[in-house]
Amino acid sequence: MTVRRRIWGLGVIILVACAVVAAAALVPRARAAGGVPTASVIRGAIRLDVYASGELRAGQSVSLSAPPAGGRLRLLQVVETGMAVRKGDVVAEFDPADQQFILDQAQSELAEADEEITKMKADLAVQAAQDQVDLLTARFDVRRAELDARSPANLIGANEAKKRQLAVEEARRRLAQLEDDLKSRTTTSRAALAVVNERRTKARLAADRAQQIIANLELRSPLDGVVVVMENRDAANGVFFSGMALPELKAGDSMYSGQVVLQVYSAVGMEVRVKVNEQERANVVVGQSATVRADVLPGRTFRGRVSTLAGLAARGGMFDSTGGPLRLFDVSIALDQPDPRLRAGTSVRALIAGTEVKGALTVPRQALFEKNGKPIVYIRAGELFTPREVKVTHRTESRVALDGIAEGTEVALVNPDKAGPGTSAGASGAAGQAAGGVR
């Protein structure tokens, strides 16, 4: 009995120990605070400004291509990139020498065909008149032979009557042969005339096409705007790779039909197109004021307002510092007073002025982490750190507004679980990014 009691007592002790260990596992583990940079939760106003980069886009753009010519064309002249043009101005011109040669040749063939047709029609008229004379003569011969054959047999001999009958048959045979020859000659003449007419039609089409191509060898601007000349990818003998600097098309360069020569961008309706991630999209609304700076005009700022905000994410995306995907949304900013020196495609940086939230509890963005899909911060308690789940209310470029944490609380700027013993405050920025802080 004593042994059995001891066994039961030992079992109870083991069960209690296991329960204590399991309960301890459910409690968030604290980490040593030595060497981990920290920051305090502060209360104050926070501006929900959004910083973004993008490019300047024209409200309307038109591409002008080399006209279809069935071969390569050589540029005689082309305006320079950045030149302002008006609607109808000639912006590029191609060498018409090849097409002029084709036109001259086609016109020569056309004139030759016209002369041949005229001659053939005259010959056919003469031949038709002669055929009519021959036909009338043959018919007269048949009629005369028939009259001669009707003479009474008692007036002429039997041999003479037989000869006259043979003459009738011969006259009728010649008439039938003449009629067959006339039909055959008419068919042959019409076919020959049709061949010449076909050659004349081809020459006329070739001449019309050459004239049309020559008329289109001058490219005119369809709108008021600024010209951007395309790169000459044939300058490197067909070798091209991303990032390679190529010269623009110039007078003397050759290109194929349909190849884009230049683009004309309208200065009217020019806007800035930037992308913001899904975390900052909530800070942007239509009508917000914005400040834009362009790299090509250092020191200049341009005022504008958010004109459109995409409801669907654009293609592509980015990742936050925890490795999670972030969707990007297009934002358009209409400039109040565009500068004519700004060209489409110019890189720009925009500051979208957000609203001000007062009395918010904020921490640096690198103090916010994610665990099991939920935002957390690591709170310092003496020499240890304890993870705590929080609610994110606002985000800016550098700070995050939170609920669920008290003012003055000290939080870690790097993940204590990953911070090494040599972590210092001076390395907090890089460590915060590498360890998973949300930017």
Side-chain angles (χ1 to χ4, degrees), residues 46-63 223 225-228 230-231 242-243 260 262-298 300-357 365 368 370 375 392-401 433 438-439:
I46 179 175
R47 289 194 60 86
L48 305 181
D49 295 339
V50 176
Y51 295 86
S53 59
E55 64 178 10
L56 200 64
R57 294 195 177 183
Q60 182 182 5
S61 63
V62 178
S63 298
L223 48 84
V226 178
V227 172
V228 176
M230 297 293 99
E231 297 175 337
S242 179
V260 178
L262 52 85
Q263 292 178 321
V264 182
Y265 294 90
S266 173
V268 179
M270 191 167 288
E271 64 179 13
V272 172
R273 183 71 59 85
V274 298
K275 293 183 182 295
V276 298
N277 62 56
E278 57 185 306
Q279 294 179 345
E280 296 179 328
R281 183 182 181 278
N283 298 340
V284 182
V285 295
V286 175
Q288 276 180 294
S289 61
T291 303
V292 177
R293 290 180 171 84
D295 296 338
V296 296
L297 298 176
R300 288 290 308 277
T301 59
F302 302 91
R303 300 288 181 180
R305 292 190 176 276
V306 176
S307 57
T308 60
L309 174 61
L312 297 176
R315 290 185 178 181
M318 59 183 295
F319 294 90
D320 60 18
S321 52
T322 66
L326 287 176
R327 297 176 300 168
L328 299 178
F329 294 84
D330 289 328
V331 177
S332 297
I333 301 173
L335 298 179
D336 295 339
Q337 294 181 341
D339 193 302
R341 292 173 294 176
L342 292 176
R343 303 173 185 170
T346 300
S347 299
V348 296
R349 289 167 285 111
L351 168 60
I352 303 174
T355 58
E356 185 179 42
V357 180
R365 291 193 66 161
L368 183 66
E370 187 175 304
V392 179
T393 58
H394 302 287
R395 298 175 188 264
T396 68
E397 185 76 6
S398 59
R399 301 192 69 80
V400 181
Q433 295 297 326
V438 179
R439 185 167 177 259

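Worth saying up front: this structure is predicted, and the values here are computed from it rather than measured.
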*Might you point out which heavy atoms bring L368 and P375 nearest each other, and give the distance in Å?*
CD1-CB, 3.9 Å
*Does a sphere of radius 6.0 Å around CZ in R273 hold more than 12 heavy atoms from other residues, nucleotides or ligands, not counting ones at 6.0 Å or beyond?*
yes
*Roughly how far, to the nearest 0.5 Å, is the OG atom of S53 from the CZ atom of R349?*
9.0 Å
_Distance, nearest 0.5 Å, that separates CG of L48 from CZ of R395_ = 12.0 Å
*How far apart are the closest heavy atoms of Q263 and S63, and which atoms are they?*
NE2-OG, 3.0 Å
*Of the non-hydrogen atoms in D330 and K275, which two are nearest, and what is the gap between them?*
OD1-NZ, 2.5 Å
*Inspect the contact between D336 and R305 and indicate whether a charged nitrogen and a carboxylate oxygen are less than 4.0 angstrom apart.*
no
*Got a second to check how far N283's CG is from I352's CD1, nearest 0.5 Å?*
9.5 Å
*Kindly indicate whether the side chain of R57, heavy atoms from C-beta on, has any atom under 4.5 Å from the side chain of V272.*
no
_Approximate separation, where rounding is to 0.5 Å, of E397 CD and L351 CG_ = 10.0 Å
_Please give me the minimum heavy-atom distance between A350 and V292, naming the atom from each residue._
CB-CG2, 4.3 Å
_OG on S398 to CD1 on I46, rounded to 0.5 Å_ = 7.0 Å
*Where the side chain of S307 meets the backbone of S332, is there a donor-acceptor pair that is under 3.5 Å apart?*
yes
*Report the distance from atom CD of E271 to atom CG of L335, rounding to the nearest 0.5 Å.*
9.0 Å
*Nearest heavy-atom pair of A353 and D49: which atoms, and what distance?*
CA-OD1, 3.5 Å
*For F329 and A310, work out which heavy atoms get closest and say how close.*
CD2-O, 3.6 Å
_Given 3.5 Å as the limit, does a donor-acceptor pair link the side chain of N277 with the main chain of R327, or not?_
no
*Please check if atom CZ in R47 has more than 12 non-hydrogen atoms from other residues, nucleotides or ligands closer than 6.0 Å.*
yes
*Let me see the working for L297 and F302 under side chain to side chain contact (heavy atoms under 4.5 Å, CB included), right down to the final yes or no.*
CA-CA 10 Å; L297 298 176; F302 302 91; 3.8 Å; yes
